[in-house]
Amino acid sequence: MNPNWQRANIQLAATYLREVIARGADPRAKAAYEGLLDVLDPSRRTARLQRERAAAVAAIPVPAARERRSRHDRRMSDRRKVNLGSPTGVERRQSERRTGRDRRRGPVG
């Protein structure tokens with residue numbers, strides 16, 4: 001990971017920032033402090049990101065399943081009740097689609 005001298009410098013910077021934060025709540029100092037701790041312990045960063053994502057997902061309001069289902073069912077039943085016909089206004093299909101002969105069989109011979 002980091003050589004010992006780099007790790008020691010990061011720890012000293014984190015200690016200094018902790019003192020700055022204790023004197024007054026500076027958001028930039030707190031963010032820098034958190035970043036330094038993340039460098040020292042990468043698993044801490046992973047856990048923090050997972051917590052932030054979980055909080056973001058939990059903040060999104062989700063309607064109850066019953067409400068979604070009832071709205072959806074009502075919409076589907078309304079569509080089925082009304083026959084609007086062809087979207088172009090002209091029916092493209094012939095009235096009788098089956099000719100009477102079985103197309104699954106190939107020509108005899």
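Shown here are the side chain to side chain contact (heavy atoms under 4.5 Å, CB included) partners of R28, two or more places apart in sequence or in another chain: D26. With sequence neighbours left out, R51 forms a side chain to side chain contact (heavy atoms under 4.5 Å, CB included) with A47, R48. Not counting sequence neighbours, Q11 has no partner by the side chain to side chain donor-acceptor pair (under 3.5 Å) test.
Minimum heavy-atom separation, A13 to L36: CB-CD1, 3.6 Å. For I21 against Y33, the heavy-atom pair with the smallest separation is CD1-CB, 3.8 Å.
Pairs of residues two or more places apart, or lying in two chains, never qualify as salt bridge (Lys or Arg N to Asp or Glu O under 4.0 Å) while including a residue from residues 8-25.
Distance check: D38 CG to L49 CG gives 7.5 Å after rounding to the nearest 0.5 Å.
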